[in-house]
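Report on the following structure.
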Amino acid sequence: TGEIPSEIGMLTNLNSLTLSGQWLEGSIPSELGNLTNLTELNLHNNQLTGEIPSWIGNFTNLTFLNLYFNQLTGEIPSTIGNLTNLSYLDLSSNQLTGEIPSWIGNFTNLTFFRIFENQLTGEIPSEIGNLINLTALFLSNNSLSGEIPQSVCDLIESNNLDFYYILNGNNLINTCD
């Protein structure tokens, strides 16, 4: 319990930071922005609040980002679009709002993408169809609407992804064959 200690930001050579299941509270401290050598940031299963900090986009070596099961709010910051080396991205079970950004389609190394149980709206961006290495896609329990783009239908079929984790709890029209 408690907050993430700001002193962690002094560990500038750190490659991996896992503080999961510690019931940590408060916002993600700005001092963590000093850890630009991180390849893995795992803060899931806490009670972190506030917005995902924009400086997270400076972690260009990051391959693994897990912020699952916190109480993070606001929109997905556009600076996350800088993290093109990501293979694992989990922002599920927070209170994120806005739309799934189209730049997610630039994450061609992504194998695991979960963003379920938020308050996301709008349509599924067709650019998700560019994520040809995906083995897991979880978009359920948001307020997504509209038709599933054909590029995403093709990805679901070619990568044998499960429709349930996309359609469930959304207002999507299944246009896939």
Side-chain angles (χ1 to χ4, degrees), residues 1-122 125 128 131 133-144 165 169-170:
T1 60
E3 296 186 350
I4 297 174
S6 60
E7 293 81 5
I8 288 179
M10 296 169 54
L11 304 172
T12 55
N13 291 324
L14 201 62
N15 291 327
S16 178
L17 179 61
T18 296
L19 297 172
S20 300
Q22 303 299 310
W23 298 107
L24 297 168
E25 300 172 336
S27 60
I28 300 172
S30 60
E31 291 83 358
L32 258 63
N34 298 331
L35 305 179
T36 55
N37 290 317
L38 284 181
T39 59
E40 295 186 9
L41 179 59
N42 192 351
L43 302 177
H44 82 275
N45 204 14
N46 286 293
Q47 296 176 349
L48 298 173
T49 56
E51 296 187 353
I52 298 171
S54 61
W55 50 254
I56 211 160
N58 297 333
F59 295 171
T60 54
N61 296 321
L62 212 59
T63 60
F64 184 100
L65 177 59
N66 189 351
L67 301 177
Y68 166 70
F69 203 73
N70 281 287
Q71 298 169 25
L72 299 170
T73 57
E75 295 188 2
I76 300 168
S78 61
T79 55
I80 287 183
N82 299 335
L83 307 179
T84 55
N85 291 316
L86 282 178
S87 61
Y88 185 106
L89 177 60
D90 193 344
L91 304 176
S92 298
S93 296
N94 282 287
Q95 298 164 26
L96 300 175
T97 56
E99 297 185 354
I100 299 173
S102 61
W103 47 253
I104 198 75
N106 296 333
F107 292 176
T108 54
N109 296 322
L110 206 59
T111 60
F112 190 94
F113 179 42
R114 292 193 334 170
I115 199 160
F116 68 87
E117 290 179 359
N118 279 289
Q119 299 164 20
L120 299 171
T121 57
I128 285 181
L131 305 178
N133 293 310
L134 271 187
T135 58
L137 176 63
F138 293 74
L139 307 175
S140 58
N141 296 314
N142 281 287
S143 294
L144 301 173
Y165 298 113
N170 286 305

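Looking at Leu96 and Ile52, their side chains come closer than 4.5 Å, going by heavy atoms from C-beta outward. Annotation: side chain of Ile115 is not in contact with side chain of Ile104 (no heavy-atom distance under 4.5 Å).
Closest approach of Ser93 and Glu117 over heavy atoms only: OG-OE1, 2.8 Å. Taking each heavy atom of Leu43 and Asn70 in turn, the nearest pair found is O-ND2, 3.0 Å. Leu17 approaches Ile8 most closely through the heavy-atom pair CD2-CG2, 4.1 Å. Across all their heavy atoms, Leu72 and Ile28 have their closest contact at CD2-CD1, 4.5 Å.
In this structure, CD in Glu31 is found 13.5 Å from OG1 in Thr12, a value given to the nearest 0.5 Å. Taken to the nearest 0.5 Å, the CG atom of Leu144 stands 9.5 Å off from the CG atom of Asn118. Separating the OG atom in Ser16 from the CG atom in Asn37 is a distance of 12.5 Å, to the nearest 0.5 Å. The distance from the CG atom of Leu89 to the CG atom of Asn109 is 12.5 Å, given to the nearest 0.5 Å. Taken to the nearest 0.5 Å, the OG1 atom of Thr60 stands 11.0 Å off from the CG atom of Leu38. In this structure, Asn34 CG and Leu11 CG are separated by 10.0 Å, a value rounded to the nearest 0.5 Å.
Among residues two or more places apart in sequence or in another chain, the side-chain contact (heavy atoms from CB on, under 4.5 Å) test is passed with Asp90 by Asn66, Tyr68, Tyr88, Ser92, Phe112, Arg114. Taking Ser54 as the reference, nothing meets the side-chain hydrogen bond (donor to acceptor under 3.5 Å, both in side chains) condition, with sequence neighbours excluded. Taking the side-chain contact (heavy atoms from CB on, under 4.5 Å) definition, one finds that Gln95 meets it with Gln71, Thr73, Gln119, sequence neighbours left out. A search for ring pair (Phe, Tyr, Trp, His ring centres under 6.0 Å) contacts involving Phe107 returns Trp103, not counting sequence neighbours. Every residue meeting the side-chain contact (heavy atoms from CB on, under 4.5 Å) condition with Glu25, not counting sequence neighbours, appears here in chain and number order: Gln47. Every residue meeting the side-chain contact (heavy atoms from CB on, under 4.5 Å) condition with Thr111, not counting sequence neighbours, appears here in chain and number order: Ser87, Asn133, Thr135. For the side-chain hydrogen bond (donor to acceptor under 3.5 Å, both in side chains) test, no residue two or more places apart in sequence or in another chain qualifies with Ser140.
Listed by first and then second residue, the ring pair (Phe, Tyr, Trp, His ring centres under 6.0 Å) pairs involving residues 15-35 amount to none (not counting sequence neighbours). Sequence neighbours left out, not one pair with a member in residues 46-57 passes salt bridge (charged side-chain N to carboxylate O under 4.0 Å, His left out).
Side-chain N or O atoms of Asn15 include none that pairs as donor or acceptor with a backbone N or O of Thr39 at under 3.5 Å. Distance alone, capped at 3.5 Å, places no donor-acceptor pair between the Asn82 side chain and the Ile80 backbone. Proximity of a side-chain donor or acceptor of Asn85 to a complementary backbone N or O of Thr63 within less than 3.5 Å is not detected.
With 3.5 Å as the limit, one finds no donor-acceptor pair spanning the side chains of Asn58 and Thr36.
At most 12 heavy atoms of other shown residues, nucleotides or ligands fall within 6.0 angstrom of atom CZ in Phe69.
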